[in-house]
Structure formats: C-alpha cells, structure tokens
Amino acid sequence: DAMVIQNPRYQVTQFGKPVTLSCSQTLNHNVMYWYQQKSSQAPKLLFHYYDKDFNNEADTPDNFQSRRPNTSFCFLDIRSPGLGDAAMYLCATSRGQGRDEQYFGPGTRLTVT
Amino acid sequence: AQSVTQLDSHVSVSEGTPVLLRCNYSSSYSPSLFWYVQHPNKGLQLLLKYTSAATLVKGINGFEAEFKKSETSFHLTKPSAHMSDAAEYFCVVSDRSGGGADGLTFGKGTHLIIQP
C-alpha cells in the first residue's frame with residue numbers, strides 16, 4: 001500500500017545533541033511537510049518542500065532544518081534540541097496545490113533528556 | 001486570512017448515540033474543508049473533505065459533514081457512536097488556490113469520549 005513512513009517511531013536524545021528524524025513516501029507526491037505537535041495541541045507547520053523548493057514558516061526556529069534529497073525522502077534535523085522541543089513530529093505529503101488533502105505518517109515522538 | 005474554531009474541546013456521548021462535533025470557519029475565498037481524526041500516539045487520518053462539490057460530504061467510518069456557507073459551519077456528525085470512535089478530531093481549512101502549496105489551518109481539536 002502507498003503510504004508515509006516515519007522512522008524511528010520513538011526517539012530519545014540528550015539536551016543539545018543533534019538529532020535527525022526521517023520520513024519517506026511511496027505516494028510520489030510533490031509536497032512534503034513537517035509538523036510539530038505538542039501534547040493536547042493541534043499540529044503546527046514547521047516547513048514544507050514543493051519538489052525541491054523549501055518553504056519555511058516565519059516562526060520556525062533556526063534550530064530546525066530540513067533536507068529533501070529526492071522525491072521520496074525528507075529529513076528533519078534539530079541541531080541543538082532543548083527540553084521544549086520534546087513533541088510528536090508528523091510528516092505529511094500532498095499531491096500538489098494547497099487544496100489537496102494531506103496524508104500523514106504515524107509520527108515520531110521525540111523525548112529530550 | 002483563514003481561521004477555524006472548534007466550538008467544543010471535549011464531547012462525551014454514550015455508545016450507540018449520535019455524535020456532533022462543531023466547527024466554524026472564516027475564509028476570504030472559497031475554502032476547502034477537512035476533518036481529520038487522530039487516535040492516541042498515531043498520525044492523522046483523513047475522514048472527509050469538502051471542495052465545492054456537494055455540500056453534504058460522506059466520509060469513512062460512517063461520518064459525514066455538511067458545508068453551510070450561510071452559517072460558515074462544517075459540523076461533523078455520525079448517527080451512532082462506536083467505542084473505536086474515541087479520538088481527537090481536527091477541523092481544517094485551506095483557501096489557497098493555485099500557486100505554491102501551503103500548510104493547512106487547524107482547529108484546536110475536539111476530544112471525543114465514548115461512554116459504554
């Protein structure tokens with residue numbers, strides 16, 4: 001089945017130690033998104049790629065970076081995780097334009113110790 | 001600018017009774033509207049979407065929603081709740097048309113509790 005896959009499902013990192021979360025998709029969608037979701041809150045968009053074009057949300061901290069080496073894969077890098085970065089990180093894809101529905105992966109729950 | 005208001009943070013119903021989750025939106029253009037469900041520690045799953053076709057939209061798992069432009073509402077309903085419906089529900093709006101892709105605007109979510 002076509003799907004959005006996130007690895008790992010659970011990630012523990014130390015305060016200040018860089019961490020990378022990965023997302024892959026078999027849907028061949030043009031757009032890939034990264035969201036941060038804290039407990040009992042709605043997902044918050046960090047950034048997205050339309051093909052190779054990177055679009056950063058204005059309030060996304062510089063500590064968060066992303067890479068999309070090809071259509072199928074997208075990575076979220078947190079350069080120096082703080083305790084406040086502990087959250088669920090959701091990857092999503094869509095075929096194209098803003099009206100298209102997004103398909104979400106299962107998420108990676110990040111714990112910062 | 002677009003916004004979404006989910007009127008109830010928590011809704012509790014008994015199994016077998018109807019479900020109503022309320023959503024109001026604000027949009028400068030003709031919006032697309034979505035309902036997503038999120039079970040604990042899982043990603044979001046699309047329940048249904050409205051994109052300017054029929055105003056009554058049927059989704060998965062027996063859910064449906066009606067787009068009412070005059071009331072700027074997109075309430076989610078189900079005739080008979082099941083225990084497996086217990087989850088967080090997000091109403092989402094997008095009024096971007098053409099051009100590049102953008103994220104969606106999420107409501108704050110409604111936590112649905114099903115009483116046995």
Side-chain angles (χ1 to χ4, degrees), chain A residues 3-10 21 23 25 27 29-60 68 87-111, chain B residues 1-6 8-10 23 25 27-53 57 59-60 65 67 87-113:
Chain A
M3 55 174 51
V4 181
I5 302 160
Q6 289 188 246
N7 284 306
R9 294 292 314 277
Y10 299 89
L21 310 182
C23 176
Q25 53 128 344
L27 297 159
H29 282 172
N30 294 314
V31 192
M32 295 187 78
Y33 307 81
W34 278 105
Y35 289 86
Q36 179 192 64
Q37 186 180 26
K38 296 191 174 180
S39 182
S40 302
Q41 296 183 20
K44 178 181 179 299
L45 182 66
L46 295 173
F47 27 59
H48 70 272
Y49 274 94
Y50 189 104
D51 289 332
K52 295 181 187 227
D53 293 332
F54 177 70
N55 296 271
N56 200 29
E57 292 298 297
D59 56 354
T60 297
R68 189 178 185 187
M88 175 77 88
Y89 289 88
L90 297 166
C91 174
T93 73
S94 66
R95 185 172 293 108
Q97 305 300 319
R99 289 176 178 273
D100 285 353
E101 64 267 32
Q102 295 184 13
Y103 295 82
F104 285 80
T108 295
R109 183 164 294 285
L110 178 69
T111 301
Chain B
Q2 56 193 27
S3 66
V4 178
T5 302
Q6 290 183 243
D8 306 292
S9 59
H10 292 78
C23 173
Y25 71 91
S27 173
S28 303
Y29 306 99
S30 297
S32 292
L33 292 156
F34 310 84
W35 276 99
Y36 285 86
V37 61
Q38 185 177 32
H39 288 91
N41 292 311
K42 299 285 179 65
L44 279 71
Q45 181 184 19
L46 180 68
L47 278 177
L48 50 80
K49 67 174 181 177
Y50 166 79
T51 54
S52 76
V57 182
I60 62 171
F67 174 73
E88 192 79 16
Y89 291 78
F90 292 99
C91 180
V92 182
V93 65
S94 172
D95 67 4
R96 311 286 182 171
S97 58
D102 281 295
L104 309 174
T105 298
F106 284 77
K108 293 184 183 296
T110 297
H111 187 64
L112 178 61
I113 300 161

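Just so you know, these numbers use all the heavy atoms, side chains as well, and skip hydrogens, waters and symmetry mates. Predicted, not measured: the structure shown is a model, and the values here were computed from it.
- Taking all atoms of both residues into account, the shortest heavy-atom contact from R9(A) to N41(B) is NH2-O, 3.1 Å.
- Between chain B and the residues S40(A), P43(A), G107(A), G105(A), the most heavy-atom pairs under 4.5 angstrom are made by P43(A).
- In plain terms, the two heavy atoms of K42(B) and M88(A) that are nearest each other are N-CE, 4.5 Å.
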* To do: Kindly indicate, with the supporting measurements, whether the criterion side chain to side chain contact (heavy atoms under 4.5 Å, CB included) is fulfilled by Q102(A) and F34(B).
  => CA-CA 10 Å; Q102(A) 295 184 13; F34(B) 310 84; over 6 Å; no
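- With a 4.5 angstrom heavy-atom cutoff, L44(B) touches chain A via backbone and side-chain atoms both.
- Closest approach of G107(B) and A42(A) over heavy atoms only: O-CB, 3.2 Å.
- Other residues, nucleotides and ligands place more than 12 heavy atoms under 6.0 Å from the NZ atom of K44(A).
- Looking at Q37(A), the atoms closer than 4.5 Å to chain B (heavy atoms on both sides) all sit in the side chain, from C-beta outward.
- Proximity to chain A (any heavy atom under 4.5 Å) is restricted, for Q38(B), to the side chain, taken from C-beta onward.
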